[in-house]
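Fair warning: this is a prediction, and the values are worked out from it, not measured in the lab. To find a chain, count down the sequence lines: A is the first, B the second, and so on, and within it residues start at 1.
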Protein chains: 2
Amino acid sequence: MALEQPEGGVGTSARILDTAERLVQVRGFNAFSYADIAQELGVTKASLHYHYPSKAVLGQELIGRYAARFGAALAEVDARLSDPRAKLDAFTGLYADVLRDQRMCLCGMLAAEYQTLPKTMQTAVVCFFNHCETWLQGVLREGQERGTLLLRASTADTAQMIVGTLEGAMLIARSYGDINRFQAAATQLLTSLTSDAPTPAP
Amino acid sequence: MALEQPEGGVGTSARILDTAERLVQVRGFNAFSYADIAQELGVTKASLHYHYPSKAVLGQELIGRYAARFGAALAEVDARLSDPRAKLDAFTGLYADVLRDQRMCLCGMLAAEYQTLPKTMQTAVVCFFNHCETWLQGVLREGQERGTLLLRASTADTAQMIVGTLEGAMLIARSYGDINRFQAAATQLLTSLTSDAPTPAP
DNA sequence: GTCTATAACGAGATAGAC
DNA sequence: GTCTATCTCGTTATAGAC
């Protein structure tokens, strides 16, 4: 690896992905162009096409890298924490980190543009959500067994609800430019899964 | 009104909005063009520019009409129902209706594209969410007073969470092409607000 | 109000030199 | 691996006839 990048830098291909990723997360896949990336990196559009022949290919690689990184983050959470509640909290933290620099979750953004995406990208987006939900189901199941989590539905339905809630909270918090909106939603979500006694009516 | 539309039809301006609205909800504001509308209505692009000089103006009118219709639907709910829980259920029903024909909430879609929208549209989108949340806060407050709703946070935070959860559930359900995913999330949402006793651990 | 015609620009993509 | 140059197409928008 180090031999392939003697400068200690990050290869052009990766720098292209870095820029494209941010542009998709901020503006959307349909609202950025090769020209945007080229200008930012100080190269030409033709050079970009050498690394990623078409925008569809670029988008595909984008999702692939993002999913791999997210999967690694989940594995790291598993290695670091054992309490299911703590894992859920860490999960929402991953989303908060993305939102902190004005970005939407890559696949949340692509979900909005879903109907306009190439088939391969559509499949990859759904695959990402499936991966998230599978991980969540494991956490929920263990929390249920330990008795530290109280679910109102099946682990599958609850996992789906969690992903949707976090994606939606990000979506709207970004419009308000207020990360607290996301945090408030995440807190309520965790509370609803760990406590069965909300503020009672007097 | 009838005098302005003697044919009993819906004036060209409204038909343009109808088509544009659906295109935005399905594909997004950045992924449709005047040519798309023109082809569907059998008119020319120039004709569209007569009614809506620029795409920014069209988008603005789109949000305005959508917000007005949504506000009317909420008023109708208030007139028809009195139980806060029933009102919340009707609220989720409005979202389900949109999702049923493959559409995303107009403003949920625009929230994803927020960073690329003209300032006037950005303001209108936030205004729509504010309207939704104000209405929800009223319902939540009454439910709290009656003791039929149990909130885990302030009415403001809860209202925000509800909107985010429904928008997020729509966003993802659409990618799966499965409205049941939305329904499952909506059910859990209502359950978490009306019951403090989820399936207990054995 | 709708049309034809066109301007002015940016998009994704390719050929071929270096 | 990056460049210049170019192609083709689609985009928003306008001018002016009917």
Derivation and outcome, side chain to side chain contact (heavy atoms under 4.5 Å, CB included), residues B:L106 and B:V125: CA-CA 9 Å; B:L106 182 80; B:V125 167; over 6 Å; no
Just the rounded figure in Å: distance from [atom2] of [N] to [atom1] of [X].
{"X": "A:Y52", "N": "D:dT2", "atom1": "OH", "atom2": "P", "answer": "11 Å"}
{"X": "B:F29", "N": "D:dT11", "atom1": "CZ", "atom2": "P", "answer": "14 Å"}
{"X": "B:N30", "N": "D:dT12", "atom1": "CG", "atom2": "C1'", "answer": "13 Å"}
{"X": "B:R27", "N": "D:dT11", "atom1": "CZ", "atom2": "C1'", "answer": "14 Å"}
{"X": "A:I37", "N": "C:dG12", "atom1": "CD1", "atom2": "C1'", "answer": "12 Å"}
{"X": "B:L48", "N": "C:dT4", "atom1": "CG", "atom2": "C1'", "answer": "15 Å"}
{"X": "A:K55", "N": "C:dA13", "atom1": "NZ", "atom2": "P", "answer": "8 Å"}
{"X": "B:H51", "N": "D:dA13", "atom1": "NE2", "atom2": "P", "answer": "16 Å"}

Main-chain N/O of B:V43 paired with B:S47 side-chain donor or acceptor, under 3.5 Å: no
Donor-acceptor pair, side chain of A:K55 and main chain of A:F29, under 3.5 angstrom: yes
Under 4.0 Å between a side-chain N/O of [X] and OP1 or OP2 of [N], yes or no?
{"X": "A:H49", "N": "C:dA15", "value": "no"}
{"X": "B:T12", "N": "C:dT2", "value": "yes"}
{"X": "A:Y50", "N": "D:dG1", "value": "yes"}
{"X": "A:T44", "N": "D:dC3", "value": "yes"}

Taking the side chain of [X] as heavy atoms from C-beta outward, which of [options] is closest to it?
{"X": "B:S33", "options": "D:dT11, D:dA13, C:dT2", "value": "D:dT11"}
{"X": "A:K45", "options": "D:dT2, D:dA13, C:dG12", "value": "C:dG12"}
{"X": "B:S54", "options": "C:dG1, C:dG12, D:dA13", "value": "D:dA13"}

Sugar-phosphate only, base, or nothing, as touched by B:F32 at under 4.0 Å among non-hydrogen atoms: sugar-phosphate
Position toward the 5' end of DNA chain C (nearest nucleotide), A:A46 or A:A35: A:A35
Ion pair check, A:E76 and A:R80, cut-off under 4.0 Å: yes
Over 12 non-hydrogen atoms of neighbours within 6.0 angstrom of CZ in A:R22: yes
